2 protein chains.
Amino acid sequence: MTSIKIMSYIRLIFTLDLFDDKKSGMTSNKLRRQPLYEQIKSLLMRRIAEGEWQANEVLPSEWELAGELAVSQGTVRKALTELVGEGLLYRQQGRGTFVSDIASDWGDGSLVTPGLPDEHPDAIVCELLGCSRVNAAEEIAQRFAIRRAAPLLRVRQLWRVRGRTVALDDALLPAERFDGLDARWVRECGGVYAALQRRFGVRPRLQMEQLRAVTLSREEAQLLNASIDVPVLSVLRLSSSIEGEPIEWRQRYCLTEQLAYTVCRT
Amino acid sequence: MTSIKIMSYIRLIFTLDLFDDKKSGMTSNKLRRQPLYEQIKSLLMRRIAEGEWQANEVLPSEWELAGELAVSQGTVRKALTELVGEGLLYRQQGRGTFVSDIASDWGDGSLVTPGLPDEHPDAIVCELLGCSRVNAAEEIAQRFAIRRAAPLLRVRQLWRVRGRTVALDDALLPAERFDGLDARWVRECGGVYAALQRRFGVRPRLQMEQLRAVTLSREEAQLLNASIDVPVLSVLRLSSSIEGEPIEWRQRYCLTEQLAYTVCRT
DNA sequence: TAGTGGTCTAGACCACTGG
DNA sequence: CAGTGGTCTAGACCACTAG
């Protein structure tokens with residue numbers, strides 16, 4: 001217990017630049033100081049990314065954090081509330097504040113019978129088809145803010161519901177940013193996003209999604225075990241880190257004859 | 001100024017049941033009292049629905065509201081913050097808190113070139129095809145929690161971008177719940193959602209969305225001026241009031257050869 | 001019963017807007 | 001300059017969880 005406190009204290013020393021001119025104010029009031037609760041958010045995000053607390057582990061209480069960081073409990077609470085809103089944490093009254101689970105590569109939507117029901121969706125199973133390295137085309141390079149023809153990691157996945165193929169994914173990630181990421185890591189961690197989080201402390205966040213109805217190429221149709229004529233839902237998704245850095249560019253083709261791609265709010 | 005205060009005071013009297021046992025506590029502690037800020041949210045939502053403040057009008061300041069409602073400014077702030085999060089209000093530092101604009105029937109997504117750009121989307125124009133009354137099929141009736149074959153208002157709309165037809169909408173609303181709603185009201189208010197808000201004080205909120213890739217029937221293809229073979233994005237959307245009451249069931253067919261249906265976050 | 005998050009208060013100072 | 005929202009503090013009490 002005491003050692004934890006001391007370690008936290010040492011960490012605070014090294015991050016003291018964050019809490020610099022707290023009382024001074026007055027100096028250079030044009031360069032706005034970042035609010036305390038924002039600094040606390042950043043600090044907590046970094047410590048979670050570094051693995052100080054694993055998924056579903058409990059954080060120190062609000063009062064402990066307030067003590068460690070020498071701020072009031074209300075300020076810690078505001079930081080935690082925002083991180084809960086962003087999905088990084090969850091709270092349980094009387095128990096504590098916990099780190100959220102790692103996101104699945106599938107994302108948020110579920111696949112349910114088109115009619116309408118609020119039926120419980122069947123589990124989606126992922127098969128990793130393989131990883132390869134490709135060179136970034138012009139537009140992709142721009143998206144990732146990397147040079148043209150820079151190496152990309154390409155991950156292909158096949159999704160099944162009750163044994164039936166339902167979707168084909170093609171994910172692109174900047175290879176130099178995630179050096180060492182390969183099929184073995186993805187397999188061991190159980191997904192691209194899980195690997196990103198465990199190895200690089202990065203949590204992908206959906207930033208933009210483009211939806212279209214298209215038809216498949218011969219190769220894609222074969223992988224999905226579908227006719228080349230059938231209309232297919234195309235989902236093009238850009239994910240980024242919480243800081244806004246673009247992380248992944250994912251093209252999904254989804255068969256929606258049997259199951260509809262469903263998104264619920266609140 | 002004084003009269004406003006008095007009216008607010010009178011209103012408070014009539015809604016005093018909301019702020020009943022604030023200090024008493026202790027009594028029947030199993031029947032949890034609703035938090036003050038939730039009561040304030042409800043009160044403000046009702047007053048906005050009743051038209052006390054129009055879109056883009058400024059609300060009383062946090063201190064004024066706190067005075068009227070006899071609560072602390074922090075509690076008013078919490079209520080306002082949540083309503084901002086729900087999209088009902090927006091704030092501007094130094095200016096005040098304002099009522100948000102009325103939502104468009106189109107919804108949140110925009111239509112942009114499939115490539116990827118963050119290009120500024122072209123304006124979407126709506127043409128009202130007509131309103132009619134139909135009887136609720138079994139599954140729709142269940143959704144709206146109304147009896148089978150109860151009357152529904154059916155609104156059909158055609159959407160255009162730069163003159164090209166891009167989408168066909170078919171909206172169903174419970175006719176008895178929105179008695180008097182017809183083509184004239186929709187036209188005058190400039191949309192179904194605008195009419196719902198101005199006439200009934202209801203703000204539709206997206207609750208669920210189902211996406212599929214389909215082909216069109218002959219009639220729909222004709223209306224959209226499209227081939228019957230082309231894959232079309234089907235969007236099935238259920239909207240509800242903020243209280244959770246189901247309001248609208250909307251089927252959209254969207255041509256996505258030229259433009260992709262795009263959703264952005266943050 | 002001790003410890004946690006959830007609500008509420010009162011008061012302070014700041015940054016921004018507008019007349 | 002007065003008035004607004006934005007941040008931060010300190011302290012109180014409540015409801016829930018778990019030993």
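Predicted model, so just to flag it, every value in this text is computed and none were measured. All chains are named by letter (A, B, ...) in the order of the sequence lines, taking the proteins before the strands, and each is independently numbered beginning at 1.
- Donor-acceptor pairing under 3.5 Å is lacking for the side chains of Arg203(A) and Ser100(A).
- Base-pairing analysis of DNA chain D finds the following stems of at least three consecutive Watson-Crick or G-U pairs, with both pairing distances under 3.5 Å: C:1-18 with D:1-18.
- If you measure from atom CG of Leu69(A) to atom P of dT9(D), you get 11 Å, rounded to the nearest angstrom.
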All N/O contacts under 3.5 Å from nucleotides 10-13 of chain C to the protein, with atom names and distances to one decimal?
none

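- The structure places CG of Asp122(B) at 8.0 Å from OG1 of Thr113(B), a figure rounded to the nearest 0.5 Å.
- With sequence neighbours left out, the side chain to side chain contact (heavy atoms under 4.5 Å, CB included) criterion links Glu38(B) to Gln34(B), Pro35(B), Lys41(B), Glu82(B).
- Between the NZ atom of Lys41(B) and the P atom of dT7(C) there is a distance of 10 Å, given to the nearest Å.
- A sub-4.0 Å separation between OP1 or OP2 of dC8(C) and a side-chain N or O of Tyr37(B) is absent.
- Sorted by residue number, the members of residues 78-89 of chain A with any non-hydrogen atom under 4.0 Å from DNA chain D read Lys78(A).
- The existence of a salt bridge linking Glu52(B) and Arg46(B) is excluded, since no basic side-chain nitrogen approaches an acidic carboxylate oxygen closer than 4.0 Å.
- Applying the ring pair (Phe, Tyr, Trp, His ring centres under 6.0 Å) criterion to Phe178(A), with sequence neighbours excluded, gives Phe200(A).
- Looking at residues two or more places apart in sequence or on another chain, you find a ring pair (Phe, Tyr, Trp, His ring centres under 6.0 Å) between Trp159(A) and Trp106(A).
- Evaluation of the ring pair (Phe, Tyr, Trp, His ring centres under 6.0 Å) rule for Tyr37(B) yields no partner, not counting sequence neighbours.
- Side-chain atoms of Glu62(B) lie closest to dG6(D) of the nucleotides dT9(C), dC8(D), dG6(D).
- Arg199(B) meets the salt bridge (charged side-chain N to carboxylate O under 4.0 Å, His left out) test with Glu188(B); sequence neighbours excluded.
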Test log, rule side chain to side chain contact (heavy atoms under 4.5 Å, CB included), inputs Ile247(A) and Arg205(A): CA-CA 9 Å; Ile247(A) 293 297; Arg205(A) 250 165 72 95; over 6 Å; no

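- With Asp105(B) contributing its side chain and Gly191(B) its backbone, the two residues share no donor-acceptor pair below 3.5 Å.
- Side-chain proximity of Leu36(B) to dC8(D), dT9(C), dT4(D): nearest is dT9(C).
- Judged as a side chain to side chain contact (heavy atoms under 4.5 Å, CB included), and not counting sequence neighbours, the contacts of Pro60(B) are Trp53(B), Glu64(B), Leu65(B), Glu68(B).
- Between Arg77(A) atom CZ and dT7(C) atom P there is a gap of 7 Å when expressed in whole angstrom units.
- For Arg77(B), the salt bridge (charged side-chain N to carboxylate O under 4.0 Å, His left out) criterion is met by Glu62(B), not counting sequence neighbours.
- In this structure Ala260(A) satisfies the side chain to side chain contact (heavy atoms under 4.5 Å, CB included) test together with Pro114(A), Thr262(A), Gln210(B), Arg212(B), sequence neighbours excluded.
- The nearest whole Å value for the distance from the CD atom in Gln34(B) to the P atom in dT7(C) is 11 Å.
- Between Glu248(A) and Arg237(A), none of the side-chain N atoms (NZ, or NE/NH1/NH2) sits under 4.0 Å from a carboxylate O, so this pair counts as no salt bridge.
- Summarising the geometry, the separation between CD on Glu38(A) and P on dC8(D) is reported as 9 Å, rounded to the nearest angstrom.
- Looking at residues 90-100 of chain B, you'll see Gln93(B), Gly94(B), Arg95(B) sit with a heavy atom under 4.0 Å from some atom of DNA chain C.
- Minimum atom distance to the side chain of Ser61(B) is reached by dG5(D), of the listed dG5(D), dT7(D), dC8(C).
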